[in-house]
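Just so it is clear: chains get the letters A, B, ... in the order the sequence lines come, proteins before strands, and each one is counted from 1.
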Amino acid sequence: MPELPEVETSRRGIKPHILKQKVSKVIIRHKSLRWPIPTSMKKQLAGQVIEKVDRRGKYILLYTSAGTVILHLGMSGSLRILKESVTPEKHDHFDIVFGNNKILRLRDPRRFGAVLWTKKDPLHHKLLINLGPEPLSDAFTAQYLYEASRNRKVAIKAFLMNSNIVVGVGNIYANESLFSAGINPKRVASKISLISYQKLVPEIKTILKKSIEQGGTTLKDFINENGKPGYFQQTLCVYGRTAEPCLKCGHPIKQITQAQRSTFYCTNCQK
DNA sequence: ACTTCGACCTGTTGGC
DNA sequence: TGCCAACAGGTCGAAG
């Protein structure tokens, strides 16, 4: 499910319900996610107050004075806030119950997500320490991407999806931003000019921003017992549009596989 | 240091 | 209609 906009929408959605709230209980129903949910956090998190609800890349961070919960939604994870003890369903693996009777519940059918606990600075955690810049930050520039791509033989699309280069660009937005910038996803990262990166970087920022804005409009639906973060209504130009006409030129959209992921592009518009 | 690839899971979809 | 392979918004970690 989640690319960066959806993770950010989730963060914004849960924040007002749990910030400054005291944890009364932690429920682990199925601990085998990507990594086992540490049992130790049950005791350590209970009684703590959520001081900050942050995000780094696709990780959501719940800070307390005793430690930080690191959440990742994987491919199929979703978070919801429930007002009281609603009966959990099949894939509801993890709850944080708050003193205000609200529950933060993680659902994750494929269990590629993660719930971790760290007492140290979470940004120094093994999984976060090597992450690249946030795509919407000032640190993410064409110059940065250009320099980072020198001597990189990987295709630009895989390069963009490498979280050590830049966080938060998943399969959908890698495809979409390359289309908008007119860059063929198969091109080798090191052979792309600064000029092309100067087209690409603003496209990434614009597309992500727009998507986050649209996610914002769905926040109300997202936080309730029925709701899931719906798909944002953003028009996708290439993703999932195999053989359909390119929205710019009409040529059929081509689908290929790169790094074990589906790539969609227009052979006419993307050179 | 970089690249590739298998692995982790369940649910849905599309072709026969 | 039913079955089953293929595929799905991620990314780690081992091996080359």
Side-chain angles (χ1 to χ4, degrees), chain A residues 1-11 29-37 55-60 70-79 88-94 106-116 125-132 135 147-179 185-191 204 207-208 210-212 214-215 218 222 228-244 255-264:
Chain A
M1 257 194 208
E3 289 220 22
L4 183 96
E6 215 165 330
V7 176
E8 176 60 14
T9 297
S10 298
R11 185 191 71 82
R29 294 191 194 79
H30 194 144
K31 71 172 175 186
S32 59
L33 301 187
R34 173 117 202 220
W35 295 279
I37 301 177
R55 179 185 61 73
R56 176 72 178 101
K58 292 174 187 167
Y59 294 92
I60 291 174
I70 301 175
L71 295 173
H72 196 288
L73 301 178
M75 287 277 250
S76 59
S78 59
L79 293 170
E89 294 180 31
K90 191 173 178 186
H91 301 291
D92 292 339
H93 307 310
F94 176 79
L106 172 69
R107 177 173 298 179
D108 187 1
R110 291 179 74 180
R111 291 190 274 120
F112 288 174
V115 178
L116 300 170
H125 189 278
K126 187 184 175 188
L127 296 174
L128 282 78
I129 188 78
N130 290 315
L131 293 178
E147 283 170 17
S149 67
R150 296 308 90 183
N151 304 320
R152 292 295 197 124
K153 296 189 194 332
V154 286
I156 180 62
K157 191 206 169 206
F159 183 68
L160 280 184
M161 290 179 71
N162 180 345
S163 62
N164 295 147
I165 301 301
V166 57
V167 296
V169 181
N171 202 29
I172 292 178
Y173 296 110
N175 278 299
E176 293 296 315
S177 58
L178 287 167
F179 172 77
K186 293 199 286 192
R187 288 186 60 198
V188 171
S190 63
K191 294 194 172 169
I204 294 171
I207 289 170
L208 288 175
K210 196 183 289 180
S211 190
I212 289 170
Q214 287 179 350
T218 71
F222 160 61
K228 272 189 178 181
Y231 236 118
F232 305 145
Q233 310 93 323
Q234 194 165 28
T235 318
L236 298 177
C237 294
V238 288
Y239 183 84
R241 297 194 63 245
T242 311
E244 288 177 43
Q255 177 176 1
I256 61 172
T257 298
Q258 288 183 290
Q260 307 166 104
R261 310 300 298 276
S262 288
T263 294
F264 305 87

S.K.: Look at the side chain of A/Arg111 and the base of B/dC9, then say whether one donor and one acceptor between them are separated by less than 3.5 Å.
M.R.: no
S.K.: Identify, with sequence neighbours excluded, every residue that meets side-chain contact (heavy atoms from CB on, under 4.5 Å) alongside A/His93.
M.R.: A/His30, A/Leu33, A/His91, A/Asp108, A/Arg111
S.K.: Determine, answering yes or no, if A/Phe112 is stacked on B/dC9 under the 5.5 Å centre rule and the 30° plane rule.
M.R.: no
S.K.: Quick one: which of B/dT3, C/dC12, C/dG10 gets closest to the side chain of A/Lys153?
M.R.: B/dT3
S.K.: Nearest whole Å is fine: how far is C/dC12 P from A/Asn130 CG?
M.R.: 10 Å
S.K.: Give me the distance, rounded to whole Å, that separates C/dC7 from B/dG6 when you measure between the P atoms they each carry.
M.R.: 14 Å
S.K.: Between A/Arg150 and A/Gln260, which residue's closest nucleotide on DNA chain B lies nearer the 5′ terminus?
M.R.: A/Arg150
S.K.: Round to the nearest Å and state the distance from A/Asn162 atom CG to C/dG13 atom P.
M.R.: 14 Å
S.K.: To the nearest Å, how far apart are A/Tyr239 OH and C/dC7 P?
M.R.: 12 Å
S.K.: Return a table of donor-acceptor pairs under 3.5 angstrom between the side chains of residues 158-169 of chain A and protein atoms on other chains or two or more places apart.
M.R.:
from, atom 1, to, atom 2, distance (Å)
A/Asn162, OD1, A/Asn164, N, 2.8
A/Asn164, ND2, A/Asn130, O, 2.8

S.K.: For A/Lys31 and B/dC8, what is the distance between atoms NZ and P respectively, to the nearest whole Å?
M.R.: 18 Å
S.K.: Let's see if you can work this out: which of B/dC2, C/dG10, B/dC9 has an atom nearest to the side-chain heavy atoms of A/Arg152?
M.R.: B/dC2
S.K.: Check the distance between B/dT10's C1' and A/Asp108's CG and give it to me in whole angstrom.
M.R.: 10 Å
S.K.: Atom CD1 of A/Ile37 and atom P of B/dC8: how far apart are they, to the nearest Å?
M.R.: 19 Å
S.K.: Hunt down any stem DNA chain C takes part in, defined as 3 or more consecutive Watson-Crick or G-U pairs whose two distances are each under 3.5 Å.
M.R.: B:2-8 with C:10-16, B:10-16 with C:2-8
S.K.: Nearest-Å distance, CG (A/Leu71) to C1' (C/dT11)?
M.R.: 17 Å
S.K.: Rounded off to whole Å, could you give me the NZ-to-P distance for the A/Lys90 and B/dC9 pair?
M.R.: 15 Å
